[in-house]
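Working notes, structure below.
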Amino acid sequence: EILMKYISTRDNKKTYNFVDTFLNGLAHDGGLYIPKKIPRLSKFTLKRLSKLNYNDLAYEIIKIYTGNAFSKNELKKIIKNSYKEFDSDNVVKFSKVKKFNLIELYHGPTLAFKDIAMQVIGNMYETILSKSKNRINLVTATSGDTGAAAIDAVKNKKNLRIFVLHPKGKVSITQRKLMTTVNSKNVFNIAVKGTFDDCQTLVKSMFNDHHFRRSINMSGVNSINWARIVVQVVYYFYSHFRLSEKNKKSVFSVPTGNFGDVYAGYIATKMGLPISKLIIATNENDLLYKFLRNGIYRPSKVKFSISPSMDIQVASNFERLISSYYNNNSKKISALMKQLSSKGFYKIDKKILRKIKNIFYSKSINADNTKKTIKMVYKYNNKILDPHSSVGFRALEDYYLNHSKKSENLFCLETAHPAKFAETIYKILRRNPNIPSMISKNLKKKEFCNVLPNNLNKIKNYIRSNRLH
Ligand SMILES: *Cc1c(COP(=O)(O)O)cnc(C)c1O
């Protein structure tokens, strides 16, 4: 067995192992870590994997990427502990509306799909740190769900602290409370007077300040962390294995912001899972929809929507996809990224765009259609979609009506529980979604949070004075 090696999207010469990529998060050259080569699984292997339960499948897929970072028992234990609190024996649940299969990814402790990867990451940190006697400080930006998932995953763990930056007033009440009501000595919430992109820029600046990064032994759990991608690959396999009809390929519609989740679907495709389309479902922040039309990646100002976890104009993981289509040519990627920061956009070759469109489809869904879809699905079978999942559902319907080859398995990822966006749901349906009992009592607790300006130095100082030494 050959151990997985990683490179940076901006330097394909230097190689790293899993633990390096895991603890660093972002490469020192500003690029993202990617595997040097993604293994393609044989038909025989796929058949064997198709019979496994969720945890065993997760073990088989994750171990390909973690190399010798964990022993067999360690990794099995990490997975088992990560999912033991989930409100489902096999992590996810399925439901069906019309022809569309919904993958409920929100049965974890903070009611969004991000728990699925974050719980594993929390346990990976604990395992790695207890062996190395390292102590680290995690710094992460959140549009609402990452922060809660990360905090739950690392609260009360030894040898690490977490600092979570969220845009003040721009996350839902439930999202905020899931973060701020956690009373743990290693958790620090920072409400930044700015947008999510501001928070993300602050975190990136801290990562790119090598002196600061070293001085606090900084690590990150944003969707740029390769481990998150890997753990998310699992449910694409699992869903296809459980629900695909004979020999049909699968289509997955993915509510998209930072391009982490749908990129995990792309990795599943590269590994040989028969996927015919990945749908990049976006809200009014439609830069990826536009990209698929003209090959130009041009972030603009964030538009605030009713699906706030996707109010993102910098789809960080997209660099990984572009790198893959340019065969990990890091000179090319560095040039494109330089152009992005100097001119505000980059354009890719027509030939490459055509290839990307073979597998990706995109649709941007506005607020009006997001609401209509929530109403329609509720009327149809009493199921309440959260606004993010509604964007995915509507995009899947659009694809099915206009482009489907008819003989495909149709999947929509449900990325959050509707209770997380109760205010929005109430305005649309005039009723409140049920709040799962496992969180309702926590939401009444005292909140812990510091408000800080959108100012790099002030935030650095705050982190410096509260860090774990
Ligand atoms: C984070 C999030 C998304 C977007 O996922 P990405 O991996 O950033 O594309 C979609 N829906 C919900 C509910 C989220 O929390």
Side-chain angles (χ1 to χ4, degrees), residues 32 102-118 121 140-152 164 166-167 170-172 174-176 178-179 196-197 199-200 221-233 235-236 252-267 278-283 285-289 291 302 305-321 360 362 364-365 370 374 384-395 412-422 424-425 433:
L32 304 180
L102 290 160
I103 313 170
E104 298 178 358
L105 299 169
Y106 53 69
H107 293 288
T110 71
L111 309 185
F113 82 97
K114 292 191 172 84
D115 285 324
I116 294 177
M118 211 61 90
I121 284 187
T140 191
T142 182
S143 57
D145 294 328
T146 296
I151 287 170
D152 190 274
V164 175
H166 75 260
K170 296 190 179 69
V171 301
S172 83
T174 308
Q175 281 182 317
R176 187 190 74 226
L178 280 168
M179 296 189 275
F196 168 67
D197 282 334
C199 296
Q200 191 161 246
V221 291
N222 269 1
S223 66
I224 51 169
N225 195 309
W226 173 256
R228 271 182 73 176
I229 306 286
V230 171
V231 180
Q232 290 174 184
V233 170
Y235 46 73
Y236 287 89
F252 291 92
S253 181
V254 189
T256 295
N258 233 333
F259 205 75
D261 206 3
V262 69
Y263 175 73
Y266 173 73
I267 298 297
L278 292 166
I279 301 174
I280 305 167
T282 75
N283 61 25
N285 294 283
D286 58 355
L287 86 156
L288 295 177
Y289 168 73
F291 172 88
V302 177
S305 77
I306 57 169
S307 43
S309 300
M310 304 185 337
D311 290 347
I312 291 173
Q313 283 283 340
V314 184
S316 303
N317 283 292
F318 205 60
E319 182 173 336
R320 288 186 158 124
L321 184 79
F360 288 96
S362 182
S364 164
I365 309 297
T370 306
I374 290 172
I384 303 182
L385 287 181
D386 99 282
H388 305 77
S389 309
S390 173
V391 166
F393 192 92
R394 182 72 175 210
C412 175
L413 275 61
E414 251 186 295
T415 49
H417 190 288
K420 260 191 134 158
F421 304 94
T424 305
I425 296 297

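No experiment lies behind these values; they were computed from the predicted model shown. One-based numbering, in listed order, for ligands and for the atoms of each.
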* **Nearest non-hydrogen protein atom, atom 14 (C) of ligand 1** => Lys114 NZ, 2.8 Å
* To do: Would you please determine whether Phe113 falls within less than 4.0 Å of ligand 1 on a heavy-atom basis?
  => yes
* Asked: Considering distance alone, does some N or O of Phe259 sit under 3.5 Å from an N or O of ligand 1?
  -> yes
* Gap between atom CE of Met310 and atom CG of Asp286 - 0.5 Å precision -> 11.5 Å
* Ser309 versus Gln175, side-chain donor and acceptor atoms under 3.5 Å -> yes
* Of Asp145, Thr415, Asp386, which meets side-chain hydrogen bond (donor to acceptor under 3.5 Å, both in side chains) against Lys420? -> Asp145
* In terms of atom number and element, which parts of ligand 1 are under 4.0 angstrom from non-hydrogen atoms of Ala416? -> 13 (C)
* Asked: Less than 3.5 Å between some nitrogen or oxygen of Thr415 and one of ligand 1, yes or no?
  -> yes
* To do: Indicate whether the side chain of Asn317 and that of Asn258 have a donor and an acceptor atom separated by less than 3.5 Å.
  => no
* Thr174 side chain to Ser172 main-chain N or O, any donor-acceptor pair under 3.5 Å? -> no
* If you have a sec, work out which protein heavy atom is nearest atom 15 (O) of ligand 1 and how many Å separate them, to one decimal? => Asp145 OD2, 2.3 Å
* Asked: Can you find an N or O of Gly260 that's nearer than 3.5 Å to an N or O of ligand 1?
  -> yes
* Looking at ligand 1, does any of its N/O atoms fall within less than 3.5 Å of an N/O of Gln232? -> no
* Any atoms of ligand 1 less than 4.0 Å from a non-hydrogen atom of Thr256? List them with their elements. => 9 (O)
* Which residue owns the protein heavy atom closest to atom 10 (C) of ligand 1, what's the atom, and how far is it? -> Pro255 O, 3.5 Å
* Could you tell me how the ring of His388 sits relative to the ring of Phe421: parallel (under 30°), tilted (30 to 60°) or perpendicular (over 60°)? => tilted
* Say whether Arg228 and Asn225, considering side chains only, have a donor N or O and an acceptor N or O under 3.5 Å apart. => no
* Quick check: does Asn258 get an N/O under 3.5 Å from an N/O on ligand 1? -> yes
* Looking at atom 7 (O) of ligand 1, what's its closest protein heavy atom, distance included? -> Asp261 N, 2.9 Å
* Asked: Are any side-chain N or O atoms of Ser253 and backbone N or O atoms of Gly392, one a donor and one an acceptor, separated by less than 3.5 Å?
  -> yes
* To do: Give the ring-plane orientation class for Phe360 versus Phe259, where under 30° counts as parallel, over 60° as perpendicular and anything between as tilted.
  => tilted
* To do: Establish, from distance only, whether the side-chain atoms of Ser307 and Ser305 form a donor-acceptor pair under 3.5 Å.
  => yes
* Asked: Atoms of ligand 1 less than 4.0 Å from Met310 heavy atoms?
  -> 10 (C)
* Give the single entry among Gly257, Gly144, Ser143, Ser316 that approaches atom 9 (O) of ligand 1 most closely by any heavy atom. => Gly257
* May I ask you to check whether Asp386 has an N/O atom sitting below 3.5 Å from an N/O atom of ligand 1? => no
* Could you see which bit of Lys420 sits under 4.0 Å from ligand 1, with heavy atoms only: side chain, backbone, both or neither? => neither
